[in-house]
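See below for the structure under consideration.
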2 protein chains.
Amino acid sequence: MATIHDVAREAGVSIATVSRALNGGPRVNEATRRRVLETAAALDFRPNHAARGLATGRLGNVGVLLPDVANPFFGAVLAGIARASQERGFGVFVADSREDATAEPELAGRLSQQVDGLVLVAPRMSDDDVRSYAARRPTVLVNRLVDGVDGVAVDAAQGMSDLLAQVALLGHRTVCYLDGPAASRAGTAKRAGLSAAAEQYGVDLHVEQSQAPTFAAGRAAAQRVLDSGCTAAVCFDDLLAWGVLTRVRELGVSVPDDLSITGFDDSLEEGMVSPGLTTVSARNREMGTIAAGMLERRLRDTTLGPATEVLRCNVVVRGSTAALNSRRR
Amino acid sequence: MATIHDVAREAGVSIATVSRALNGGPRVNEATRRRVLETAAALDFRPNHAARGLATGRLGNVGVLLPDVANPFFGAVLAGIARASQERGFGVFVADSREDATAEPELAGRLSQQVDGLVLVAPRMSDDDVRSYAARRPTVLVNRLVDGVDGVAVDAAQGMSDLLAQVALLGHRTVCYLDGPAASRAGTAKRAGLSAAAEQYGVDLHVEQSQAPTFAAGRAAAQRVLDSGCTAAVCFDDLLAWGVLTRVRELGVSVPDDLSITGFDDSLEEGMVSPGLTTVSARNREMGTIAAGMLERRLRDTTLGPATEVLRCNVVVRGSTAALNSRRR
DNA sequence: GTGAAAGCGCTAACAT
DNA sequence: ATGTTAGCGCTTTCAC
């Protein structure tokens, strides 16, 4: 693989000139520059990233730490980050913690050796750990906010609150919330939004726990939801809602006539589940895109104050919710 | 950030000793080693990857080029690669081509600067381009085989062949194949497997095209499938099959009584679609894991002959297929 | 406008 | 067993 020395020799100049020409540096004769560029292309010269990184201290890479790349939720975030970063000429490192928070410090540490900045999608990491990584390297948090650290998040509390308002508007007064993993921070926000709205609208909120935010867990929890006697089930996310919906229908319960159901994320395509799921749009890919932008801004100027962006979520009303009808008390 | 010089000074040894101690090199006094390790830990020393890469020529990273990280199919492959590589101490670089084959050369070129080896999940890249990357750096292909290049793939032809055999066994003699994107290589293998089996079992195979392998495209194609008058529909993948299934039921067609439907990939969880989809298991994550293993083997010894692994696919029979019954001719 | 040379942090001979 | 030193490929003063 050709180095700048090869290019320099071939073009009859010094390596310094090659470097300047390649990097658009100043004080290079236009003719020389052209010649250098041509021979570089002819030799298929590719600057060695590692060497450049050593010399400049800038690696030109960003790192992404997330719990599970195979999960479409994180996949969407990663896609947003990767595409935005690539466009800006950054390489993207990814570390998958397998949903194992104890593996995160090790991974984050290794990541940060090779990148200029970090995007952390680590819902279960402690605030202190987050701050310690942020102290080392420019860091942006996704779907989570920690004081003093850049971050972009969806306003889950507002989303759930608006959603419950919508449900209350339909006349429901006893609502069951099927929660996700207890440790999740998103869960805290969602519960907070729900509680606030429940109080405001005089809704009696019954909370059921579910260990995982999966389709299977939704099915498993369906009976408990029914037993709660509520007229509407608000679920932690779409998969859970889908599971509940599927199972209760098998049990002969009509949706939305007998039970209204809602999800969160808007991750299901139109028609995948019927009736369509009333849900909250979570804008994951957009969070990724924004995170990449924030990180680049921070890399440009480390002295900036911490930036924070909170995305509003919109309630998407579909067929899985309906007005409380006379068949129910 | 501490360097080996800091550690050396602090521990009262030379940088060479530090390097040896850290890398488990030979001829280091046990006491010295311990002391070095301790001061390194105390200083929170992290070896600089770029510098090490420069010195050794080995970066300790693998690169993955794929069309779309947000697509669960590729997400699963990436998860397999990432986890297996991390375990072996490799970092993972990812490049997302946005399903745009023209962007691949540029991305692959940039990737290869920073990695020791490449995993290519690039169904649409030309064989020549594949070979040219493989010539530069150790390369492993996923879900595709090219002469002389390491690769792991699922035997889609065998899978489709077995699947059609199963369908034929149920008595179906007119089968509609709803194909995916024309450019896809996986599609070629699938068509080949189907044709062979169709001939063998005396099945009349009718091919319908669909532009994308998506749920929506499946819905859109449903009417054409029905118009073909076939008694069974074999689809390019699960999403397409799901779309067809959903749409034909809306049109009042009973599955599997009036129409048997099959998918490919086994990507839907139990119960997500009902009746359960008869399909072929594609083992994506496993391909990723195997690819990472092959790459590591190749990095260890570049002189090895090309290795190739073809995974058998198993037909998974569920409720969406049934014996041709008397209601149909 | 161009070249010489130092040095980024590390490894790997080679000396001692 | 440990230290010295020469690079790895590149950027970046500083001379010319």
Side-chain angles (χ1 to χ4, degrees), chain A residues 1-37 39-40 43-61 89 91 109-110 112-116 136-137, chain B residues 1-40 43-61 89 91 109-110 112-116 136-137 299:
Chain A
M1 202 155 264
T3 75
I4 52 170
H5 289 99
D6 301 326
V7 178
R9 185 169 8 85
E10 200 74 13
V13 295
S14 78
I15 61 166
T17 302
V18 175
S19 177
R20 285 193 208 98
L22 255 33
N23 297 300
R27 286 189 304 271
V28 190
N29 185 302
E30 195 43 47
T32 317
R33 151 166 295 140
R34 209 176 353 254
R35 187 153 40 91
V36 169
L37 258 37
T39 63
L43 263 47
D44 191 28
F45 166 79
R46 311 277 195 154
N48 179 318
H49 236 80
R52 176 178 293 185
L54 237 202
T56 59
R58 275 167 283 113
L59 284 319
N61 295 324
R110 271 164 48 187
S112 54
Q113 300 317 304
Q114 339 203 33
V115 302
D116 298 324
R136 265 183 216 297
R137 291 239 176 272
Chain B
M1 203 155 265
T3 75
I4 52 171
H5 289 99
D6 302 324
V7 178
R9 183 168 9 84
E10 200 73 14
V13 296
S14 78
I15 59 164
T17 303
V18 175
S19 178
R20 286 191 209 100
L22 256 33
N23 296 302
R27 287 189 304 269
V28 191
N29 186 302
E30 194 46 44
T32 319
R33 152 166 295 141
R34 207 173 0 249
R35 188 153 38 91
V36 169
L37 259 36
E38 269 163 22
T39 63
L43 265 46
D44 192 28
F45 167 80
R46 312 276 194 154
N48 179 318
H49 234 81
R52 176 178 294 185
L54 238 202
T56 59
R58 276 167 283 114
L59 283 320
N61 295 324
R110 271 164 48 186
S112 55
Q113 301 316 304
Q114 339 204 33
V115 302
D116 298 323
R136 262 184 218 299
R137 291 238 175 273
L299 289 173

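Naming: A, B, ... by sequence-line order, numbering from 1 per chain.
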>> If you compare every side-chain N and O of A/R58 against the phosphate oxygens of D/dT12 (OP1, OP2), does one of them come in below 4.0 Å?
In response: yes
> Could you give the CZ-to-P distance, from A/R52 to C/dC8, as a whole number of Å?
Replying inline: 19 Å
>> Output the rounded distance in Å from CG (B/L22) to P (C/dA12).
In response: 13 Å
> How many angstroms lie between CD in B/Q114 and NE2 in B/H49, if you round to the nearest 0.5 Å?
Replying inline: 11.5 Å
> Under 4.0 Å between a side-chain N or O of A/T17 and OP1 or OP2 of C/dG3?
Replying inline: yes
> Between A/R33 and A/E30, is a side chain to side chain contact (heavy atoms under 4.5 Å, CB included) present by the stated rule, with each step listed?
Replying inline: CA-CA 5 Å; A/R33 151 166 295 140; A/E30 195 43 47; 3.9 Å; yes
> Nearest-Å distance, CD1 (B/I4) to P (D/dC8)?
Replying inline: 17 Å
> Given D/dT11, is OP1 or OP2 found less than 4.0 Å from the side-chain N or O atoms of A/N23?
Replying inline: yes
> In whole angstrom, what separates A/R34's CZ from C/dG1's C1'?
Replying inline: 15 Å
>> What's the separation between atom CG in A/N48 and atom CG in B/L54, rounded to the nearest 0.5 Å?
In response: 5.5 Å
> Rounded to whole angstrom units, what separation is found between the NE2 atom of B/H5 and the P atom of C/dC8?
Replying inline: 8 Å
>> Side chain of A/A55 only, heavy atoms from C-beta on: which candidate in D/dC10, C/dC10, D/dT2 is closest?
In response: D/dC10
> Starting at the 5' end of DNA chain D, which residue's closest nucleotide do you reach first, B/G12 or A/M1?
Replying inline: B/G12
>> So, does A/S14 get its side chain near the phosphate of C/dA4, meaning an N or O under 4.0 Å from OP1 or OP2?
In response: no
> Under 4.0 angstrom, heavy atoms only, what part of the nucleic acid is A/S19 near: base, sugar-phosphate, or nothing?
Replying inline: base
>> Rounding to an integer number of Å, can you tell me how far B/L54 CG sits from D/dT11 P?
In response: 11 Å
>> Can you tell me if B/T32 touches the phosphate of D/dT2, counting only side-chain N or O atoms and a distance under 4.0 Å to OP1 or OP2?
In response: yes
>> With hydrogens left out and only the distance checked, is there a donor-acceptor pair under 3.5 Å joining A/R20's side chain and the base of C/dG3?
In response: yes
>> Can you measure A/H49 atom NE2 to D/dC8 atom C1' for me and round it to whole angstrom units?
In response: 17 Å
> Can you tell which of D/dG3, C/dA4, D/dC10 lies closest to the side chain of A/N48?
Replying inline: D/dC10
> Donor-acceptor pair, A/R137 side chain versus A/V115 backbone, under 3.5 Å?
Replying inline: yes
> What are the two closest non-hydrogen atoms of B/I15 and B/H5, and how far apart are they?
Replying inline: CG2-CD2, 3.3 Å
> Once you round it to whole Å, what is the distance between C1' of D/dT13 and CZ of A/R27?
Replying inline: 10 Å
